[in-house]
Amino acid sequence: MKNIVIIGCGQGIGFASAKLLSKENKVIGISKSENTEINELDIEFHQMDILTGNLDEIDFPEVVDGLIYAPGSINLKPFNRLTDDDFKNDFEINVLGAVKTIRKLLPHFKKSESASVVLFSSAAAKLGMPFHASVSASKSAVEGLTKSLAAELSTHKIRVNAVAPSLTDTNLAYQLLSTPEKREASAKRHPLQRIGNAEEIAKMTAFLLSPDASWITGQIIAVDGGMSNLKL
């Protein structure tokens, strides 16, 4: 049984990952939101905003084998309407929150035989999309962080990868998928003609934490219905 920490386990991809991984692992979940579903899972749950909370208050296991950092943002506006605070907020939740968590858990990772960190980028970091300037900037920073840490931590056998989804059917994307017309239009923008779901992304995160991915590090893995690489 491995010890897995999931930040942002309260909903979406983080919740789906907690549900999947808690079947065979000890999961320590942290989320600023609490719901009845998370309380039904067999995990150790802590309600905390990762940006303002004190991780020293949590008694993490001596050995931590995996981290999923799942908080994110979808802040889509024309560039001339994006404020400095928009850019700062997206960077804080996507990048600085991950940095804070990894820094805290690094001594615990080093005690694992093969620790794995999974961060989240976006198809928008590779494919230029209108209204995505702030999100794309912060997610591109996640990709740079992923590769740099993968190189630096490889001597400790700590793997670092990122998953880059396209639009996924989660609470975070509710505004973009709030009508049948919006859902159909979003589906048609993807080569596979549909929207992804949180369970599909969770399965990739679980794979990256598993021994089956022991030869994979420093990678940005697109799970996006072909959005970032294909044009039909």
Side-chain angles (χ1 to χ4, degrees), residues 1-32 38-48 50 53-72 94-121 142-143 145-165 198-221 223:
M1 180 177 287
K2 292 186 175 183
N3 295 320
I4 309 295
V5 175
I6 302 178
I7 311 297
C9 67
Q11 60 183 5
I13 295 168
F15 175 77
S17 298
K19 187 176 181 180
L20 178 62
L21 288 163
S22 62
K23 296 174 183 178
E24 297 182 358
N25 303 277
K26 175 179 173 57
V27 171
I28 300 94
I30 300 172
S31 175
K32 67 179 180 181
I38 199 70
N39 290 325
E40 293 171 0
L41 298 184
D42 184 18
I43 71 171
E44 177 186 324
F45 176 72
H46 300 270
Q47 188 170 7
M48 176 184 291
I50 193 62
N54 183 2
L55 290 174
D56 290 337
E57 296 176 357
I58 298 175
D59 186 18
F60 291 102
E62 182 177 358
V63 177
V64 173
D65 303 290
L67 167 67
I68 297 171
Y69 185 84
N94 288 290
V95 183
L96 296 185
V99 169
K100 174 182 177 178
T101 307
I102 295 168
R103 182 184 292 125
K104 170 63 180 176
L105 295 179
L106 187 54
H108 303 264
F109 294 149
K110 290 180 178 179
K111 294 179 181 179
S112 172
E113 293 183 2
S114 179
S116 176
V117 175
V118 179
L119 306 179
F120 281 90
S121 179
V142 169
E143 295 195 1
L145 177 67
T146 297
K147 295 175 184 179
S148 181
L149 285 179
E152 185 171 339
L153 301 181
S154 61
T155 56
H156 299 286
K157 296 183 173 60
I158 300 170
R159 297 181 294 107
V160 186
N161 295 287
V163 177
E199 288 72 24
E200 290 171 312
I201 311 302
K203 288 176 182 177
M204 176 56 74
T205 66
F207 168 72
L208 290 172
L209 294 181
S210 76
D212 292 335
S214 61
W215 194 232
I216 300 174
T217 194
Q219 302 303 308
I220 313 300
I221 299 176
V223 186

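Counting from 1, the numbers follow the sequence of the chain as shown.
- Residue L209 holds its CG atom at 8.0 Å from CD1 of I6, rounded to the nearest 0.5 Å.
- A heavy-atom distance below 4.5 Å is not found between the side chains of N94 and F120.
- A side-chain donor-acceptor contact under 3.5 Å links N54 to the backbone of D56.
- The shortest side-chain heavy-atom distance between Y69 and V117 does not fall under the 4.5 Å cut-off.
- K2 NZ: more than 12 foreign heavy atoms inside a 6.0 Å radius.
- N161 places a side-chain N or O within 3.5 Å of a backbone atom of G218 that can act as its donor or acceptor partner.
- Within the 4.5 Å cutoff, the side chain of L67 has heavy atoms near those of the I7 side chain.
- Distance check: E200 CD to M204 CE gives 10.5 Å after rounding to the nearest 0.5 Å.
- Counting only distance, with no hydrogens or angles, the side chain of S148 and the backbone of L145 share no donor-acceptor pair below 3.5 Å.
- Using a distance-only test at 3.5 Å, with no hydrogens or angles considered, a donor-acceptor pair links the side chain of T217 to the main chain of V160.
- Atom-to-atom distance recorded for I68:CD1 and C9:SG is 10.5 Å, nearest 0.5 angstrom.
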>> Let's go through N3 and E62 carefully: what are the C-alpha distance in whole Å and the side-chain angles of both, what is the deciding distance for side chain to side chain contact (heavy atoms under 4.5 Å, CB included) to 0.1 Å, and is it a yes or a no?
In response: CA-CA 9 Å; N3 295 320; E62 182 177 358; over 6 Å; no
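- Side-chain N or O atoms of H46 include none that pairs as donor or acceptor with a backbone N or O of I28 at under 3.5 Å.
- Of all heavy-atom pairs spanning L20 and A202, the tightest one is CD2-O, 3.8 Å.
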> What's the verdict on salt bridge (Lys or Arg N to Asp or Glu O under 4.0 Å) for K157 and E113, showing C-alpha distance, side-chain angles and the deciding distance?
Replying inline: CA-CA 7 Å; K157 296 183 173 60; E113 293 183 2; over 6 Å; no
> Given I30 and T101, is the side chain to side chain contact (heavy atoms under 4.5 Å, CB included) satisfied, shown in steps?
Replying inline: CA-CA 11 Å; I30 300 172; T101 307; over 6 Å; no
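- Distance check, rounded to the nearest 0.5 Å: OG1 of T205 to CG of L21 gives 5.5 Å.
- Other residues, nucleotides and ligands place more than 12 heavy atoms under 6.0 Å from the NZ atom of K104.
- Annotation for D59: atom CG does not count as buried by contact number, only 12 or fewer foreign heavy atoms lying within 6.0 Å.
- With values rounded to the nearest 0.5 angstrom, I158 atom CD1 is found 10.5 Å from L105 atom CG.
- Between the side chains of S22 and D42, no donor-acceptor pair is found at a separation under 3.5 Å.
- The backbone N or O of S114 sits nowhere less than 3.5 Å from a side-chain atom of R159 that would complete a donor-acceptor pair.
- Here the side chains of I102 and L119 are in contact, with some heavy-atom distance below 4.5 Å.
- Taking 4.5 Å as the limit, every side-chain heavy atom of L153 sits out of range of all side-chain heavy atoms of F109.
- Nearest heavy atom pair, residue P165 against residue S121, reads CD-O, 3.4 Å.
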>> Assess the residue pair L96 and K100 against the criterion (side chain to side chain contact (heavy atoms under 4.5 Å, CB included)); give the C-alpha distance rounded to whole Å, side-chain angles, the decisive distance to 0.1 Å, and a yes or no.
In response: CA-CA 6 Å; L96 296 185; K100 174 182 177 178; over 6 Å; no
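- One finds the NZ atom of K110 at 8.0 Å from the OG1 atom of T155 (value rounded to the nearest 0.5 Å).
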> Between M48 and L55, does a side chain to side chain contact (heavy atoms under 4.5 Å, CB included) hold up when you go through it step by step?
Replying inline: CA-CA 9 Å; M48 176 184 291; L55 290 174; 3.9 Å; yes
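- H156 places none of its side-chain heavy atoms less than 4.5 Å from the side chain of L106.
- More than 12 non-hydrogen atoms from other residues, nucleotides or ligands lie less than 6.0 angstrom from CD of Q47.
- One N or O on the side chain of S116 and one on the backbone of L208 form a donor-acceptor pair closer than 3.5 Å.
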